[in-house]
Amino acid sequence: MALPRRRTQRADVAVEFRDVSRRFMLYHERRNSFQDWFIGLIRPRGNAEEFWALRDVSFSVGWGESLGVLGRNGAGKSTLLKLVTHILEPTSGEISLNGDTHAMLELGAGFHPELSGRDNVYLNGSIYGHDRQTMAERIDSIVEFADLEQFIDTPVKHYSSGMFMRLGFAIAVHMDPEILVIDEVLAVGDANFQAKSHRALHQLKDQGTTILFVSHNAEQVRSFCDKAILLENGRLIDSGKAEDVVDHYERLLAGSSGTDSMELMRLRVLDRDGRSAETVIGGDDIEFEALLRVSGDSIPGDLTLGIDVYDADGVHLFGRSSAVPTELPMNEVDGGKLATAKGRIHRMPIRSGELHLVATLQRAGDAEQVLGRSETNVDVTPPAISAERGMLHLDQEWHWAADGRVQVDQKDGK
Amino acid sequence: MVVSPALEIVRYRSLLRNLVAKDLKVRYKNSALGFVWSLLNPLLLMLVFTFVFTQLLDQQIPDFPVFVLTALLPWTWTATAVSVGTSTLIDNAPLINKVYFPRYLLPVSVVMSTGMNFVLGLPALFLLMAVFGRPFTQWMLYIPVIILVQGIFLMALVLFLAPLHVHLRDTMVVVDVGLTAWFFLTPILYSVEMIVPELAAWMYRINPMAAIVAEYRTILYEGGVPDPLFMGRTGVTALIMLVLAYLFFKRLNRNIGEHL
């Protein structure tokens with residue numbers, strides 16, 4: 001772990017998915033033997049069902065970032081993991097991995113039961129492309145980390161499951177990868193070892209390791225990741241700051257509260273390309289989007305959606321509400337329909353600072369009954385070239401005057 | 001297309017070495033006797049065949065034990081490499097589904113570890129040759145070339161069969177039956193000279209193992225001069241087969257994870 005970081009290549013991002021889809025064919029009768037194969041020659045099998053485990057998924061992970069991948073069972077997390085690790089290839093789209101990758105999909109995958117712990121360390125190392133010498137330098141540290149000094153020359157078939165996993169974890173954190181892919185393995189061993197593994201992962205993160213962390217444990221993602229994406233039925237339905245996406249995920253898990261109701265899942269700020277953004281440039285348009293989930297057949301007629309903007313000190317800068325129309329274009333997903341409401345504030349008059357946006361969904365005329373509330377923060381950064389100072393971005397002019405003749409010299413703002 | 005796997009092998013050479021070492025260690029279970037056990041099968045077969053052919057059938061081949069063992073040892077390599085290699089992808093399914101590494105290393109490592117086994121068994125053959133007073137000639141230095149050709153041929157075969165077995169699970173059954181037939185169709189219990197001449201030419205053409213076994217026997221049993229041209233032809237055939245098998249392997253293996 002304490003080895004100097006080496007970079008094989010530099011690219012802008014560590015991991016990038018561009019419109020990645022993965023299809024599985026579900027054959028109701030599999031052609032798995034010669035007999036079936038001969039039958040198939042005469043009678044082509046018909047009923048193969050397509051199943052898209054991932055559909056048009058695009059995201060990127062910057063160097064040193066840790067990205068949480070959230071989603072319910074069957075959302076496509078495992079497929080995404082197998083695509084990242086090259087175990088599967090995408091049906092369409094492109095995946096770039098720009099550095100050494102190590103995957104912790106299953107601790108101790110590739111251990112051979114008959115071999116000793118020591119031999120397995122070397123075997124496992126070589127699976128990830130490390131030669132004998134590199135592993136020889138690290139083995140003492142691995143053994144110490146795994147607390148297996150006494151048992152390292154015992155065949156691993158005699159190990160307890162805890163020892164097995166500890167050794168697997170110890171190897172993984174000593175591989176010094178540039179990109180680490182982790183599949184819910186933080187809960188390994190006793191409390192003592194868990195604390196140790198937490199520290200090790202944080203240390204890797206602090207060293208600049210790019211981490212992809214797949215979990216359905218919301219709290220782990222919230223505490224460990226900078227950013228997160230949320231998958232639902234193979235589609236990427238949200239991305240952004242970890243805490244916001246985790247909130248969205250938790251609302252998704254909580255499910256709908258009744259029939260014919262609407263829930264506010266998430267408020268987010270979008271950049272020019274329609275992607276989730278964390279910063280906007282002062283004076284630019286700011287676009288925000290509220291994701292709504294409708295359960296039941298129709299939208300109740302008495303709902304309003306409000307947006308309020310506060311500054312970092314909690315000063316209420318702006319707010320407005322509008323009735324939710326009963327006819328909305330909706331995207332059908334299992335267990336509900338998704339709709340979005342988008343709003344845009346033109347030439348936002350803030351130059352610099354942090355904004356706090358709050359979306360509120362409530363029943364009209366009854367301010368007490370709030371159905372949903374979602375918040376997000378966005379940083380406003382000043383435009384790169386500007387002669388302005390202060391918090392506000394105002395539509396203003398600058399005049400130089402002489403002999404009573406007025407000449408406009410500079411005009412800022414658009 | 002063909003150069004990149006060679007580079008990959010260099011990059012993953014320590015994995016290849018560890019896979020071979022793992023195969024050998026697991027087979028011998030870290031015991032010295034384990035290796036002797038692996039020799040037991042060809043030696044026992046040699047005794048049985050010697051008894052059948054010299055006592056029951058009164059076959060007039062001199063030093064029959066040496067005659068049969070020179071063919072039996074390389075055949076044992078072929079038979080174990082093909083049967084272990086065919087199932088290697090399925091046997092390693094948990095690994096394949098969890099980690100990426102070039103998958104062809106698995107069948108290749110099987111050919112290498114079974115080949116190591118063969119090479120380690122050669123001293124037993126030399127001992128037998130000395131006991132029967134068969135000649136040791138300088139042409140024995142040519143043996144590594146034959147081993148290389150046989151190795152390339154076996155890799156081609158296993159690279160073809162292993163992914164086929166993933167897609168058609170009864171490949172193994174066909175392979176088992178095929179190996180038995182192949183054993184009798186290869187000049188192991190008889191020599192090429194004993195075959196009807198017009199069929200002998202055909203045997204060489206269709207069955208690379210016939211040429212390979214005949215070369216081992218020429219050098220080790222007869223103390224004769226190997227035919228470099230003949231082995232060259234077998235070698236080139238084996239190389240072409242290897243390239244085709246590699247392409248076949250790549251093609252069938254694209255989404256192997258789905259089928260395991």
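Proteins get letters first, then strands, A, B, ... in listed order; numbering begins at 1 in each.
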Could you check which of A:Arg132, A:His86, A:Glu89 has the highest count of heavy-atom pairs closer than 4.5 Å to chain B?
A:Glu89

Which value, rounded to the nearest 0.5 Å, describes the distance between A:Leu88 atom CG and B:Asn97 atom CG?
8.0 Å

Exceeds 12 heavy-atom contacts within 6.0 angstrom, atom CE of B:Met172:
yes

Which residues pass the side chain to side chain donor-acceptor pair (under 3.5 Å) test with B:Asp176, not counting sequence neighbours?
none

I'd like to know whether CE of A:Met163 has more than 12 heavy-atom contacts from other residues, nucleotides or ligands below 6.0 angstrom.
yes

How about B:Leu95 and A:Ile127: do any of their side-chain heavy atoms sit closer than 4.5 Å?
yes

In this structure, NE2 of A:His112 is separated from NZ of B:Lys25 (nearest 0.5 Å) by 12.0 Å

Just checking A:Gln150: does its CD atom have more than 12 heavy atoms from other residues, nucleotides or ligands closer to it than 6.0 angstrom?
no

Separation between NZ (B:Lys22) and CG (A:Asn120), nearest 0.5 Å, reads 9.5 Å

The test is side chain to side chain contact (heavy atoms under 4.5 Å, CB included); show your working for A:Leu123 and B:Leu19 and say whether it passes.
CA-CA 7 Å; A:Leu123 179 62; B:Leu19 285 175; 4.2 Å; yes

When rounded to the nearest 0.5 angstrom, what distance separates NZ in A:Lys82 from OH in B:Tyr100?
15.5 Å

Under 3.5 Å: donor-acceptor pair, side chain of B:Asn18, backbone of A:Tyr122:
yes

Checking A:Asp131 against B:Ser14: is there a side-chain donor and acceptor pair closer than 3.5 Å?
no

